[in-house]
Amino acid sequence: MNLKEQIHSAVAQSFEELGVSASPPIVKQAQKREFGHYQVNGVMGAAKSAKLNPRELATKVTERLNLPIVNKLEVAGPGFVNIHLAPYAIEQQLMQLGDDVPVPSPEPRHFAVDYSAPNLMKEMHIGHLRTNAIGDAIVHVLEAVGHQVTRVNHVGDWGAQFGSLLAYLDQLDNTEISTELKDLEVFYQSASKLFKTDHEFAERARGYVVRLQGGDAQCVALWRQFIEESIKHCQDVYERLNISLARADIHAESAYNDDLPVVVAELEQQGLLEESDGAMCVFLEEFTGKDGKPLPAIVRKSDGGYPYMATDLAAVRYRAGKLRADTVLYVVGAPQQLHLKQVFAVATAAGYLTDQEFRHLPFGSILKNDGKPFKTRDGAEVKLIDVINEAVTRAYQLVREKNPSLTEEEHRSIAEIVGVGAIKYAELSKNRGTDYIFDWDILLSFEGNTAPYLQYAYTRIQSVLKKAGVEPTDLRGQITLAEPDELDLGVKLLQFSEAIEDALEDYQMNVLCNYLFELSGQFMSFYEHCPILKQSDPEIQHSRLRLASITANVLQLGLGCLGIKTVDRM
RNA sequence: CCGCCCGUAGCUCAGCUGGAUAGAGCACCAGGCUUCGAACCUGGGUGUCGGGAGUUCGAAUCUCUCCGGGCGGGCCA
């Protein structure tokens, strides 16, 4: 049980004894130092519904509170209970940790997390950073607390647009193909330009779509070659970004091709289908457009083709039925909200979804400095690989300047980790729901609330531990929290578990980022004010080394959850 | 027109299951390296929480309304 749970349960028991257990205790970390470590906000609400004087009830609660970890309790303001923790209790709980980092242990479930999902027609751009960084972090946190997680990369490898690509590919010879595919964006643009300007080419492109969908062998072979190349590009980017998606995690759109007619047939059997202008649609009452007219979910187009509604339904069917996931999380942009709502609603109506939890975790779009959205067609998009390279270059220059004694090889490997960490953290540290401004200087900042700040705290600890000549396993003695900075750090360390819980509450990774930033700040303050190696009292020195060591463990695990590596020197 | 999202310090953002005097980072100013790594620390001020109304002991947070911006809305994904 973490600190909050310990307090919560004690307060809940007092509430019960006082006959006000109908109201929740509402225990929170105190907002200000002067209010102690935790505060109980639930007394006022409880007093209100029981028609009691809030301050009197608060006093009664404090009198009954059976909580040995508490040093001081006080009733404040209109009826808050402020809780100051006892240093020895923090010391005890820290010492019990050993080398473990405290994480919550919920009932294990099977999660599937759908993220990344690049369209193989286009090279990944800056916008893909969000789904990759956020999705991968969620996966890591879920695994860290003991859930079973299936990564799902629903890559877009199918559809009418592939016609022009194939037509274009077909007129190249093999060596040209491999060189042309090095820059997918240009490749795609050349093809679509031809499609627009060359009528004969456009005709041929349409023919390729039909042949591809019909399973024409030569066409399929060409398609495979393109997909293969394109996936290689993606995997390279994942590796560069330290994203844990493997090829085996790819479950592409085309994998559902055979299921599409089945899905339509099943919808038909359930009487959900209706024809409208030649298209097969599902009309659900909850979705209405203007004038209250129902909005169709088109599952088969009038030309017989299947739109992505069908594919996504097939995916739901698979994930709930065959994959048997308890919870499926879609880390997909906010613009798809209505679409996914429809998908889940139709899937529920069709009986594909019963008691599984399917959730869309939307994230905002990238905006330019002026607050206007990036256009998708005008070439304003920044390639993801370019952002990575820029970040690593800046980190390289910085690390070389700050730490010239390292070797060239060290400079390079550190720059890779620091640069990549910085851009991922920039995404993760923001509330995922809102739009964000794309700004090189913010994205690539190495100061303040950034990944390099956290990594820097980690290297300082490693440096101290190394100079002290101790291994973490040597540190088994007494922890003493005498100084305010020591106590604050100790409490903060124990709160890692609460941060993970809160982050998982609504899958907000910025909650974890905030915690790690505060932890690092607390460590920096401790580091400045509580000398370790210069400390003459060996017991105090040992205690501080141990605090530092635990901090390093928490930082490493926390950053690891965010998909960010640590370095011993930087 | 309908639906969803957003509007918090000069900038980028936290805080949103209602709680105390609304917080960080950047930028700016002043201190701190012969002393465990200055990518750091200490101190300094900044707000009509878009406007208005309502709910109540208490609203940035919940409700309504208006203004401003974004996104989505039958055969692209």
Side-chain angles (χ1 to χ4, degrees), chain A residues 24 26 28 30-32 34-35 39 41-42 44-45 47-48 54 76-80 82 117 119 121 156 158-161 253 276-281 283 287-293 295-303 305 307-309 311-312 333-339 341-342 362 364-365 367 369 371-373 395 398-399 401-403 418 426 429-431 433-437 439 441-442 445-450 452-453 455-457 459-468 505 510-511 513-514 517-518 520-521 524-525 527-529 531-535 544 548 569-570:
Chain A
I26 310 182
K28 291 187 172 176
Q31 291 174 358
K32 295 187 180 224
E34 58 193 285
F35 298 152
Q39 61 184 58
N41 294 348
M44 290 168 287
K48 189 177 178 184
F80 296 99
N82 292 341
N119 186 335
M121 298 272 302
W158 198 252
Q161 335 89 293
E253 287 183 346
S276 173
D277 294 331
M280 300 308 286
C281 309
F283 289 93
F287 300 100
T288 52
K290 48 181 151 188
D291 311 331
K293 283 180 186 164
L295 216 58
I298 298 177
V299 296
R300 200 178 67 196
K301 299 187 286 181
S302 53
D303 67 2
Y308 77 144
M309 175 63 68
T311 314
D312 283 342
Q336 309 251 12
Q337 245 168 151
L338 177 59
H339 168 70
K341 238 175 155 177
Q342 279 188 303
S365 318
L367 308 176
N369 288 350
K372 294 269 163 63
L398 191 61
V399 70
E401 171 198 325
K402 298 267 184 190
N403 209 342
V418 170
S429 60
K430 284 174 195 140
N431 183 312
T434 48
D435 293 346
Y436 72 103
I437 308 273
D439 183 322
D441 290 333
I442 289 172
S445 170
F446 298 152
E447 286 174 358
N449 188 0
T450 62
Y453 178 82
Q455 290 166 323
Y456 182 62
T459 62
R460 278 183 146 183
I461 296 170
Q462 295 311 312
S463 180
V464 169
L465 292 177
K466 192 178 169 193
K467 283 200 170 140
E505 175 75 30
N510 67 315
V511 172
C513 291
N514 287 342
F517 177 60
E518 284 167 14
S520 300
M524 294 289 196
S525 187
Y527 180 89
E528 298 284 340
H529 302 122
I532 301 172
L533 299 180
K534 285 179 297 180
Q535 174 57 243
R544 289 179 178 170
R569 291 190 291 176
M570 66 188 273

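Chain A is the first sequence line, chain B the second, and so forth, proteins listed ahead of strands; every chain is numbered from 1.
In this structure, A:Glu253 reaches the sugar-phosphate backbone alone: every heavy-atom distance under 4.0 Å involves primed, P, OP1 or OP2 atoms, never a base. Across all strands, A:Ile532 comes closer than 4.0 Å to base atoms (heavy-atom distances). Base contact: A:Thr459 has a heavy atom under 4.0 Å from a base atom. Nucleic acid contact for A:Lys341: none, since no nucleic acid atom lies under 4.0 Å from a heavy atom of the residue. Counting non-hydrogen atoms under 4.0 angstrom, A:Met121 reaches nothing in the nucleic acid. Using a 4.0 Å heavy-atom cutoff across all strands shown, A:Ala279 reaches at least one base atom of the nucleic acid. Looking at heavy-atom distances under 4.0 Å, A:Lys467 makes contact with sugar-phosphate atoms alone, never a base. Residue A:Asn82 is classed as a base contact, given a heavy-atom separation below 4.0 Å to a base. Residue-level contact check: A:Asn403 touches the bases, meaning some heavy atom is under 4.0 Å from a base atom. Contact annotation for A:Pro307: backbone-only contact, meaning every heavy-atom pair under 4.0 Å involves sugar-phosphate atoms and none involves a base. Here A:Ser525 lies in heavy-atom contact (under 4.0 Å) with sugar-phosphate atoms only. Across all strands, A:Asn431 comes closer than 4.0 Å only to sugar-phosphate atoms, never to a base (heavy-atom distances). Within the 4.0 angstrom heavy-atom criterion, base atoms lie near A:Arg569. Across all strands, A:Ser463 comes closer than 4.0 Å to base atoms (heavy-atom distances).
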Legend entry - Chi angles and distances behind the side-chain contact (heavy atoms from CB on, under 4.5 Å) call for A:Phe517, A:Tyr453: CA-CA 8 Å; A:Phe517 177 60; A:Tyr453 178 82; 3.6 Å; yes

Inset, instruction - Determine, stepwise, if the pair A:Asn82 / A:Glu34 fulfils side-chain contact (heavy atoms from CB on, under 4.5 Å). - result: CA-CA 9 Å; A:Asn82 292 341; A:Glu34 58 193 285; over 6 Å; no

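In this structure, B:U21 makes no Watson-Crick or G-U wobble pair, since no nucleotide meets both defining distances under 3.5 angstrom. B:G37 is unpaired under the Watson-Crick or G-U wobble criterion, no partner having all donor-acceptor distances under 3.5 Å. Summarising the base pairing, B:G72 is matched to B:C2 through a Watson-Crick or G-U wobble pair whose two defining distances lie under 3.5 Å. Base pairing of B:C16: no nucleotide in any strand meets the Watson-Crick or G-U wobble criterion (both distances under 3.5 Å). If you check B:A53 for Watson-Crick or wobble pairing at under 3.5 angstrom, you find it paired to B:U63. Across every strand in view, B:A30 sits in a pair with B:U42 that passes the Watson-Crick or G-U test at under 3.5 angstrom.
Remark: ring of A:Phe80 overlaps the six-membered base ring of B:A20 in a stacked fashion, centroids less than 5.5 Å apart, planes less than 30° apart. An aromatic stacking contact between A:Tyr453 and the base of B:A39 is absent, as defined here by ring centres under 5.5 Å apart and ring planes under 30° from parallel. Residue ring and nucleobase are stacked for A:Tyr308 and B:A77, with a centre distance beneath 5.5 angstrom and an angle between planes beneath 30°.
Rounding to the nearest 0.5 Å places CD1 of A:Ile298 at 8.0 Å from CZ of A:Phe283.
Base orientation of B:G54: anti, the glycosidic angle falling outside 90° of 0.
Considering only side-chain atoms of A:Arg460, the nucleotide from B:C75, B:A39, B:A38 that sits closest is B:A38. Of the candidates B:G19, B:A39, B:C76, B:A39 carries the atom nearest the A:Leu398 side chain, counting heavy atoms from C-beta on. Set against B:C13, B:A39, B:G23, the side chain of A:Lys430 has B:C13 as its closest nucleotide. Residue A:Phe517 has its side chain nearest to B:G25 when only B:U42, B:A14, B:G25 are considered. Checking B:C75, B:A77, B:C13 against the side-chain heavy atoms of A:Gln336 singles out B:A77 as nearest. Residue A:Gln31 has its side chain nearest to B:A20 when only B:A20, B:A24, B:G72 are considered. Among the nucleotides B:G19, B:A39, B:C41, the one closest to any side-chain atom of A:Met44 is B:G19. Among B:U56, B:G19, B:G74, the nucleotide with an atom closest to any side-chain atom of A:Lys48 is B:U56. Taking the side chain of A:Val399 as heavy atoms from C-beta on, and the options B:U21, B:C75, B:A39, the nearest nucleotide is B:A39. Of the listed nucleotides (B:A39, B:C71, B:G15), B:C71 has the atom at the smallest distance from the side chain of A:Pro335.
Distance A:Ile437 CD1 to B:G69 C1': 11 Å, rounded to the nearest Å. Atom-to-atom, CE of A:Met524 to P of B:A38 comes out at 9 Å; the value is rounded to the nearest Å. B:U12 atom C1' lies 14 Å from atom CG of A:Asp435, rounded to whole Å.
Heavy-atom minimum distance, A:Ile461 versus A:Ala548: CG2-O, 3.3 Å.
Under 4.0 angstrom from either OP1 or OP2 of B:A39 there lies at least one side-chain N or O belonging to A:Lys402.
Taking atom C1' on both B:A59 and B:G54, the two are 11 Å apart, rounded to the nearest angstrom. Here, B:G58 and B:G18 have their C1' atoms 8 Å apart, quoted to the whole Å.
Donor-acceptor pairing under 3.5 Å, judged by distance alone, is present between the side chain of A:Ser302 and the base of B:C75.
Residues A:Asn403 and A:Met570 form no side-chain contact, since every pair of their non-hydrogen atoms from C-beta on lies 4.5 Å or further apart.
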